Protein chains: 2
Amino acid sequence: MNLEDIAKLSGVSRSTVSRVINDDPNVRESTRQRVQDVISRMDFQPNLAARTLATGQAKVIGLVIPMGVSTMFTDPYFPMLIKGISAACNAQDYSVMLWLAEPEYERRTINQILHNGMIDGVVVASVLMDDPIVEALIHSNMPFVLIGRHPTNSQVNYVDVDNRTSSRQLVEHLINMGHRRIGTITGAQNMIAGSDRLLGYMDALTQGGIPLDLELIASGNFTEEGGYAAMKRILPHRPQAIFAASDTMALGALRALEEAGLRVPTDIALAGFDDMPFSAHLRSPLTTVRQPVLETGMRAAEALFDLLENPAQGPTHLLMPTELVVRESTPPQLQPTS
Amino acid sequence: MNLEDIAKLSGVSRSTVSRVINDDPNVRESTRQRVQDVISRMDFQPNLAARTLATGQAKVIGLVIPMGVSTMFTDPYFPMLIKGISAACNAQDYSVMLWLAEPEYERRTINQILHNGMIDGVVVASVLMDDPIVEALIHSNMPFVLIGRHPTNSQVNYVDVDNRTSSRQLVEHLINMGHRRIGTITGAQNMIAGSDRLLGYMDALTQGGIPLDLELIASGNFTEEGGYAAMKRILPHRPQAIFAASDTMALGALRALEEAGLRVPTDIALAGFDDMPFSAHLRSPLTTVRQPVLETGMRAAEALFDLLENPAQGPTHLLMPTELVVRESTPPQLQPTS
DNA sequence: TTCCCTTTTGGGAGCGCTCTCAAACCCCTG
DNA sequence: CAGGGGTTTGAGAGCGCTCCCAAAAGGGAA
């Protein structure tokens, strides 16, 4: 069943059927009606491959999720992101081609996917700072939007959460609660989120007039185990509060604290980042930063659509606002009455 | 850059270039070499839309994940499944088109996606028993494989975990540990996994000569909150052990038990299903059933590829084996020495 | 050297759609 | 009722590939 068949059945030409399908105004109302009837009666769908070939656009975007990011499998971040992107695509009649990029993917394979003409643009989620896929994209002429800002190239379009500001605000909150010896468990520093959250921590200390103490900083690599290990390293240096750059790491930190016989928040304050589903249900509900993951995904897709419609426009740099969620894990300290 | 260009550059015809690309043996070695060189030098990729149009196959499979399944966003099941499917696809040069199906999708939209010629087949993940998408697929001629067996139509291809047997074995284990008053928190009964796990529970009781007590059965709808509520309903009827049809529900049950001042496993035994990452790290590590999610995804994709190559073959019904993981939440009961 | 058979190559048609251009049609005015 | 404008329709080419068939090239035997 193709245009020609529909044309025959409704007594018009292929061109007219095409016009009806594409809502061309230059069709007499009665003709449109007649053709439309046949189309619905036959349950006809135009062939997308043919259409793609003829128009040069596929109405498909690629979603690249670099694997090896183990968090993919333990938290709802990616599913949520996917849902956001997918929702935006549905709204605009785009489809999503999913590409889980294994680390060992070579340049050739990358190009293969970029240049096969089945994809109009690409959204790349959560990349390492020096991801080869991003490099390949920069040197191609495939439109793309990053989720997570690019550290160096300001021409690159991105949608990101404002990690630096949010972290600063969170640590400011800790300072306001009366802490000065504030440690941080950082995320992987080759990921932009890890790096930005550390910068936010430093911003807050600087602004609060608190000198940086490197012994209070340890990397937790965004994993539970990493958080546990990092906490153990920081603990001997007697922190009053800990900012873990992810709730998952905070969970690990909590385990280390419990093993050391310390209680949150009586003995030590603890804050995280992400507002995972479990974070509100810990024994001491976790102060954290909630990020709009779904919206981030939607915005990224929408930014890409914009780009596809208007390739000449300047780079999109969108920082999504976050929400500081204060819970019981970071109560005010009792101050000595002065 | 297209076949014709490559042909010109290497001094052969379009047809010969096509042969080289498709590994046709009828090409002189020297010619192949020459063409191959030009292809790599130009970084040429054949246009997939054109190829799809010409051959009638897209080398793309659709992955349909019906939304509204809220578990999508709290556990690693779908990400893992996606990874498995994606891995199988990569291995066979297929791509994955992702389609998150909103519940309100109408038949028209379904058809639209099924008949647009960009997809060779479909994998449908975790469906409700009477999912309209499945109905639509059955009545279309689009090859498809379900993840999760179809309750009534034996012609439908599926790959599933052996929920019924695994549940039976788990409950048998509870019986072996010395329990007789064994309750169950069931999953949603309009999902095949929920239904099968309940059947397994009943199988074990029957086989163990334990009469069914409806007061010990409550639905938890596969959510934490549901598990909590169900546990509260069962608790007054003094169960010795609980089989929750998912670890997530077990978590809710645990919360209810703690609120009631009961401890696992001293006061009551608790078992789950799924072996979530958190399950091993609870205060009383959870006895549960581990299912091979990644492999399930891979097998489903592979089953679909088989089907695409050999459409005439009989229906594929594959049940993946599971592993009973016994942990501290279900210790043997102290028996009165007889 | 010629002939025949096999191997290798080239050309054309066609996949189903869009898009441009020209032809046909319609309606109104003078 | 002819002419002129706008509106509506149809035909053809082309998107980049595959696949079939025929032509050319090569190689060995007579």
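Bear in mind the structure is a predicted one, so any value in this text is a computation, not a measurement. Every chain is numbered from 1 and lettered A, B, ... according to where its sequence line falls, protein lines coming before strand lines.
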For the atom pair CG (A/Asn47) and CG (B/Leu53), what is the distance rounded to the nearest 0.5 Å? 6.0 Å

When rounded to whole Å, the NZ to P distance for the pair B/Lys8 and C/dT9 reads 19 Å

Please name all residues satisfying side-chain hydrogen bond (donor to acceptor under 3.5 Å, both in side chains) with B/Glu4, sequence neighbours left out, ordered by chain then number. B/Arg14

Per the side chain to side chain contact (heavy atoms under 4.5 Å, CB included) rule, which among A/Val12, A/Asp5, A/Leu9, A/Val20 passes with A/Val38? A/Leu9

B/Lys83 NZ to A/Leu98 CG distance, which is reported to the nearest 0.5 Å: 13.0 Å

Using a 4.0 Å heavy-atom cut-off to protein, can you give one letter per nucleotide of nucleotides 12-20 of chain D, 5' to 3': B if the base is in contact, S if only the sugar-phosphate is, - if neither? BBBBBBBBB

Just verifying a value: how many Å separate B/Ile192 CD1 and B/Leu146 CG, rounded to the nearest 0.5 Å? 9.5 Å

So how far off straight is the helix from C/dT1-D/dA30 to C/dG30-D/dC1, going by the axes through five pairs at either end, to 10°? 60°

Nearest 0.5 Å please: distance from the CE atom of B/Met97 over to the CD1 atom of B/Ile61. 12.0 Å

Could you check whether any side-chain N or O of B/Arg32 sits under 3.5 Å from a backbone N or O of B/Arg19, counting only pairs where one atom can act as donor and the other as acceptor? no

Kindly state which residues belonging to residues 25-34 of chain B come within less than 4.0 angstrom of DNA chain C, counting heavy atoms of the residue only, listed by number. B/Asn26, B/Val27, B/Arg28, B/Thr31

Taking only the side-chain nitrogens and oxygens of B/Thr16, find out if one of them lies under 4.0 Å from OP1 or OP2 of C/dG10. yes

Note: A/Ala58 and A/Thr52 closest approach over all heavy atoms is CA-OG1, 3.6 Å

Sequence neighbours left out, what passes side-chain hydrogen bond (donor to acceptor under 3.5 Å, both in side chains) with B/Asp162? Give chain and number order. B/Thr165

Pairs in or reaching into residues 291-318 of chain B: which pass side-chain hydrogen bond (donor to acceptor under 3.5 Å, both in side chains), with residues at least two apart or in two chains? B/Asp274-B/Gln291

